[in-house]
Number of protein chains: 2
Amino acid sequence: MTTRTDAPTRREQILKEAARLFAERGFHGVGVDEIGAAVGISGPGLYRHFPGKDAMLAELLVGISERLLAGGQLRVSEDAACADGSPQALLDALIEGHIDFALDDRPLITLHDRELDRLRDADRKRVRQLQRQYVEVWVEVVREMYPELPEHEARAAVHAVFGLLNSTPHLGRPGAQPDRAGTAALLHRLARGAFEAAARA
Amino acid sequence: MTTRTDAPTRREQILKEAARLFAERGFHGVGVDEIGAAVGISGPGLYRHFPGKDAMLAELLVGISERLLAGGQLRVSEDAACADGSPQALLDALIEGHIDFALDDRPLITLHDRELDRLRDADRKRVRQLQRQYVEVWVEVVREMYPELPEHEARAAVHAVFGLLNSTPHLGRPGAQPDRAGTAALLHRLARGAFEAAARA
DNA sequence: CGCAGTAGTTAGTGACCGTTAACGTCCGAC
DNA sequence: GTCGGACGTTAACGGTCACTAACTACTGCG
């Protein structure tokens with residue numbers, strides 16, 4: 001949990017605004033001029049920082065996937081280090097981490113499963129691999145928690161719970177979400193309840 | 001549950017293929033020539049059936065929203081007619097109906113929350129209103145089933161469960177889903193479990 | 001037959017958009 | 001001081017794309 005205090009670089013500004021715009025109107029629906037305008041420079045000025053529009057999307061998607069996977073793996077290893085690591089506590093940690101991500105980086109969550117097919121083959125392969133690994137982390141933890149659950153059902157349940165947790169962009173359209181902690185708690189309960197019910201064959 | 005036996009009209013073919021292509025590559029990512037090719041005619045021939053590309057998307061999205069809402073309202077009225085209408089049975093009926101839709105019309109489900117912003121203002125307003133009404137149908141049933149659940153939490157839970165049920169497009173990428181009945185049953189359990197857990201404050 | 005309407009075709013047009021080219025400006029280092 | 005690189009700018013180019021125009025083929029009907 002490292003927090004930054006220094007000002008964001010221009011490159012980071014661009015990525016952030018591009019993520020927002022891509023999430024709002026789709027990759028093909030946003031022009032480079034708009035992205036430039038969002039950070040106060042104009043159109044082709046972006047090419048000092050990125051080789052092209054595709055590269056921005058690629059960096060965003062690869063970055064998201066890497067962060068998600070790294071977070072998941074970190075929590076698993078932390079749990080393994082702790083002596084009192086119960087499967088439920090680990091699953092809760094995974095859920096909480098994903099919720100934090102979904103609540104803090106809504107545009108990225110939106111992009112994550114929406115614009116994957118707009119990537120070059122190599123990048124798409126890499127993102128898909130990272131996503132698969134992240135799912136596998138969850139599946140292993142879920143199966144440790146509910147050993148009676150068949151693997152393919154565990155995997156389907158994990159995908160479904162991702163859909164549940166990633167629904168946050170559809171929630172508080174106009175104003176900011178009323179209560180971040182409350183929303184997080186509710187989502188956590190929903191996810192736990194879904195997994196429990198999956199195991200009740 | 002009326003099933004059609006007559007051949008689909010050209011117009012319906014176009015809508016079906018357009019839905020598939022829009023879902024795969026996004027509205028802006030598909031050209032009219034491709035849509036035409038998918039139904040065996042070429043590009044501008046589409047304009048005999050639709051005034052423009054936007055109109056196809058509009059008809060798709062309005063149609064989806066209307067069908068979802070009509071299905072939900074139908075189930076509520078059926079339950080009210082039956083003497084033995086329990087809240088749980090009604091909620092199960094809603095869940096099952098939504099699952100059927102998600103499993104049978106994957107491309108439409110994908111479009112439904114992805115390309116809404118590509119619509120003209122009037123159409124977008126209409127779709128949003130239909131969606132809102134559909135959510136309200138669910139919220140009322142959920143609150144009847146779990147009276148202790150505050151309204152805003154019920155609404156958030158409904159949105160989240162939609163995300164869960166609509167995750168089916170992310171499941172069986174390569175082959176067809178192994179077992180439709182099994183997938184439906186699993187999704188149903190997950191959704192029920194999520195609502196139950198929501199109510200356990 | 002003649003005719004009208006339906007459903008296509010190909011060719012072209014104007015707009016948009018990603019990208020490149022050529023040029024300017026500021027600023028720190030030697 | 002001036003030199004060089006980082007960072008922008010505007011102008012232009014080439015391709016793509018939605019849409020239109022003009023024309024053709026089929027089909028049922030009097």
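Here the structure is a predicted model, which is why all the values come from computation and not from measurement. Labels below follow one simple rule: chain letters A, B, ... track the order of the sequence lines, proteins then strands, and each chain is numbered from 1.
Taking atom CG of residue B:Asp33 and atom P of nucleotide D:dA18, one finds them 7 Å apart after rounding to whole Å. To the nearest angstrom, P of D:dC19 lies 14 Å from CD1 of B:Ile41. Here the P atom of nucleotide D:dC19 and the CZ atom of B:Phe50 are 13 Å apart, to the nearest Å. Rounded to whole Å, atom P of D:dT16 lies 16 Å from atom CZ of A:Phe27. In this entry the distance linking OH of B:Tyr47 with P of D:dA21 reads 13 Å, nearest Å. Distance, A:Arg11 CZ to D:dA6 C1': 14 Å, rounded to whole Å.
Counting any heavy atom pair closer than 4.0 Å across all strands shown, A:Gly43 reaches no nucleic acid atom. Among the protein residues, A:Gly45 comes within range of the nucleic acid bases, having at least one heavy atom under 4.0 Å from a base atom. Contact annotation for B:Val30: backbone-only contact, meaning every heavy-atom pair under 4.0 Å involves sugar-phosphate atoms and none involves a base.
No side-chain heavy atom of A:Thr9 sits under 4.5 Å from any side-chain heavy atom of A:His49. Side-chain contact check for B:Leu186 versus B:Arg189: some heavy-atom pair is nearer than 4.5 Å.
Using a distance-only test at 3.5 Å, with no hydrogens or angles considered, a donor-acceptor pair links the side chain of A:Glu115 to the main chain of A:Phe27. When atom types are taken as modelled, the side chain of A:Arg180 and the backbone of A:Leu103 share no donor-acceptor pair closer than 3.5 angstrom.
Residue pairs meeting the salt bridge (Lys or Arg N to Asp or Glu O under 4.0 Å) criterion with at least one partner in residues 50-59 of chain A, sequence neighbours excluded, are A:Arg11-A:Glu59.
Where B:Gly52 and A:Pro44 meet DNA chain D, the nucleotide closest to each residue was compared, and A:Pro44 sits on the side nearer the 5' end.
Classification of A:Arg128 and A:Asp117 as a salt-bridged pair holds, one side-chain N sitting under 4.0 Å from a carboxylate O.
Two rings, from B:His98 and B:Phe162, have their centers less than 6.0 Å apart.
Contacts between chain A and DNA chain C, taken as any atom within less than 4.0 angstrom of a protein heavy atom, begin and end at C:dG18 to C:dC23.
For B:Arg48, the side-chain atoms get nearest to D:dC23 when compared with the rest of D:dC19, D:dC23, D:dG8.
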